[in-house]
Protein chains: 2
Amino acid sequence: MTVGIRHDDLRRRNRAMVIGAVRRAGQPSRTEIAGTTALSHSTISAIASDLIGEGVLVEQKSVEAAALKRGRPQVAIALNPRAGTVVAIVLSLNSLTGTLIDYSGQTIASETRRFATQVLPRNDLIGETLAIVRRLVERGRDEAPRVMRIVLAIQGITDSGARTLLWSPIMPHTDIGFADLLEGATGIPVTVENDCNMMAVSLRWRHQRRYRDNFIALLLSHGIGMGLVLRGEVFTGTRSSGAEFGHMIHRPGGALCRCGRQGCVEAYAGSYAIWRNAMRLPEDSQPAADIPDEEMARLAEKARAGDGPEREAFRKAGAALGFGLGSVFALFDPAPVAMVGHGASAFDLMEGAIREAIAQTAGGQHSNAISFDIDTDEMRLIREGCAMRALTFVDDEIFAPGSDSQAAQGRIVA
Amino acid sequence: MTVGIRHDDLRRRNRAMVIGAVRRAGQPSRTEIAGTTALSHSTISAIASDLIGEGVLVEQKSVEAAALKRGRPQVAIALNPRAGTVVAIVLSLNSLTGTLIDYSGQTIASETRRFATQVLPRNDLIGETLAIVRRLVERGRDEAPRVMRIVLAIQGITDSGARTLLWSPIMPHTDIGFADLLEGATGIPVTVENDCNMMAVSLRWRHQRRYRDNFIALLLSHGIGMGLVLRGEVFTGTRSSGAEFGHMIHRPGGALCRCGRQGCVEAYAGSYAIWRNAMRLPEDSQPAADIPDEEMARLAEKARAGDGPEREAFRKAGAALGFGLGSVFALFDPAPVAMVGHGASAFDLMEGAIREAIAQTAGGQHSNAISFDIDTDEMRLIREGCAMRALTFVDDEIFAPGSDSQAAQGRIVA
DNA sequence: AGGCTTTATTTCGAGCCTCGAAAAAAATAA
DNA sequence: TTATTTTTTTCGAGGCTCGAAATAAAGCCT
């Protein structure tokens, strides 16, 4: 039910806003903050001195940024790196990466383990995850301020509370309650997030102009994933985690998908689907478990070299993506799209078909106006997004705590 | 940019909340309001007495609701009908309806005009609209408090500012700046809204339990429309007005749609499409301009009577709707669906195919859990939603005015 | 060098707002 | 009539933000 604003919420929200402004702007002055937040200078001054007193923010004696202007120079304010740390864990196919990050976002330590996720027993997988978390938290205890938050990014579907991995394509196990497990072991709050959503979070921080209120991050790799930002918030469903774009139906009764259904977008645009078509295998043949990036690069080269089944395979992939995007654009309006992952390196082979397909759909009027960006390194984006998600949780929940904060309701404001 | 909460926002927001609580609850007591809003009794008391003093609310001396409990009886608070009025205009195929509504939501006067929207010249259409508005506003001036808001609901696409009708299937004219026109003529603030969105607003008010945070209102008539409520807000695109569900692509390159494209959901599920299939006309034949409801009822009867092209036509419509809904459910999670409009009276003929199609899509795990309601009277819903939209604008903008209100940003909180 | 100008930040009192406790009001029960 | 119960109002207290004024810290100018 609608809830009123209580008097003590006021300060809390404004504190959160000041912290947020500093995180976004990097090293703003008090005057700058007052400008962006529409609060008075006196208020900003009061809140800033509180936060500095608490060790959340620090004044930056930046001699280098010597103002060339007249007048008292502005004092830059920055996040205090020693205010706390967070741990970001990324679990993806055959690899597990953990990173310890200070409050200002700098990496303190990082560690990667490789193992076959597809065959690793359930308890070993959980054990590996727990161990990497433990090592990082331990390291935090020795060398750095305490760990205040852990976020796991996993390819797959999580529950709406971001506590349990319900299903993942990278392993046979289901319903792993990572949040409870790790919280139990460490006493640190944990959430489990979808990898594509973290990509979107990262893009939003990296390119604040282009990716702000509405955009799409599309992961093109073995499978197809989507992170959707609407009105400045990562869109997560009410029961589960993310936009299952890859499993929208492109052609009813069509090609066999990894998920067992037929005609999904992924069954045309995933690596395995492109490979299957390039090999002239029937559309209902069982999807391959994994196609090496090198093999896909080879197919792309062949497709670029001349017409043939390879080129046709990429064209079909483009058409599936285009019709899928067209459906998304029919519901919202066209928005910028970031193509992420190794599959995006073949974007040149798909762009024509994508635009052609979009042009045939309701959102198609602006087909040419839609901009696509390419970023083939999905891991970096996921890691960064994961870290930002953890840090903004600390911003909102720890340093500006309160009952009705958005993060507490599971919303991700990126 | 993120904006801070200023001190004066506080009162304004809490005022808006009290007004909203009264509108939702009907005749709550102060204690009841305090309960739902989490504000203290003293605050509610203060705000309520302000609003009563301003004539926005009134105490209801309801002798009938005599409390059977001990203790001082609660005094019911209600919206003051005489606090103001609004005008709701619904423009749909061949009919124009205007309604004058008092602040408590009671209809004071209503008027309907019939003319052929498909052929009426642009200026005549505008003239008719202006005339009906003028008559109602004039009537308001004589018998009732002043008109504070006008909302038009039109089948079609509006701009994101809700000021201009960009395109509508019920008439050949485009880009009619209704808001500017009517504001210029009356001096009363105006918005132009999509009819399906108003259906959703109305459903949200009528069935507060079932339709609250996430649901879909699907208009089944000559065309197919959708009103989408996500997180308690009617979802409107960034550039235009509504979810173009009817023009999501069901089968790439498929049946000819009224919009000129091929394979849209509407090209299978709109009345004209069902009729075309029932008549065994080719899928690429030109859509009929209008199919009378009686004719559709006749087809439905035939379909119920036994197998044949009619039954097959409804089955195809169901499949298209089902796959479309499946795509929507792939992006969000499954949500309750209200089937609205005359087409919904044949829901029994489509339900099987709808559920079957949904079961083949990503959201399909819960296919059986998805509940469908039927409401064949779309006009009533549109009218009501339109009125509520206008009234809540008055609640938020006039009686609790401020710069950063959600309504001012074009959001519809229903 | 020293005063002037400009810009940033802090200080301070005023004005609101919400809250909790206590008082007042209005009914029923005994 | 008195006690009890429940609702509503009243009344400081404490907080918060705001605007104005004061203070701080530079560059500019003579």
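Below, all heavy atoms of this structure are taken into account, side chains as well, without hydrogens, waters or symmetry copies. Below, chains carry the letters A, B, ... as their sequence lines are ordered, and counting in each starts from 1.
Within 4.0 Å of B:Asn14, counting heavy atoms only, lie sugar-phosphate atoms of the nucleic acid but no base atom. Residue contacts for B:Ser42: at a heavy-atom cut-off of 4.0 Å it reaches a base atom on one of the strands shown.
One can find a donor-acceptor pair under 3.5 Å joining the base of C:dG15 and the side-chain atoms of B:His7.
In this entry the distance linking CZ of A:Arg12 with P of C:dT18 reads 16 Å, nearest Å. As rounded to whole Å, 9 Å separates atom P of D:dC18 from atom CG of A:Leu10. If you take CZ of B:Arg11 and C1' of D:dG15, they are 16 Å apart, rounded to a whole angstrom. Between the CD1 atom of B:Ile44 and the C1' atom of C:dG20 there is a distance of 15 Å, given to the nearest Å. Rounded to an integer number of Å, the gap from CD1 of A:Ile5 to P of C:dT18 is 9 Å. Regarding A:Arg6, its CZ atom lies at a distance of 12 Å from the P atom of C:dT18, rounded to whole Å. Counting to the nearest Å, the P atom of D:dG15 and the CD1 atom of A:Ile47 are 15 Å from each other. For the pair B:Gln74 CD and D:dT5 P, the computed distance is 17 Å after rounding to whole Å.
In the set D:dT17, C:dT9, C:dA29, C:dA29 carries the atom at the smallest distance from any side-chain atom of B:Arg70.
Defined by atom type and a distance below 3.5 Å, a donor-acceptor pair is present between the side-chain atoms of B:Arg149 and B:Thr191. A:Ser45 and A:Ser42 share no donor-acceptor pair across their side chains, judged by distance under 3.5 Å alone.
Mapping A:Leu39 and A:Gly71 onto DNA chain D by nearest heavy atom places A:Leu39 closer to the 5' end of the strand. With DNA chain C read from its 5' end, the first of the two nearest nucleotides for B:Ser40 and B:Arg72 is the one closest to B:Ser40.
Contact annotation: A:Ser49 side-chain N/O to C:dT10 OP1/OP2 distance is not under 4.0 Å. Taking side-chain N and O atoms only, A:Arg30 has a distance below 4.0 Å to OP1 or OP2 of C:dT10.
Of the charged side-chain nitrogens involved, none lies within less than 4.0 Å of a carboxylate oxygen, so that A:Asp102 and A:Arg82 do not count as a salt-bridged pair.
The two residues B:Arg30 and B:Ile44 make their nearest non-hydrogen contact at O-CG2, 3.8 Å.
Side chain of A:Asn214 to main chain of A:Arg231: a donor-acceptor pair is present (N/O by atom type, distance under 3.5 Å, no hydrogens or angles).
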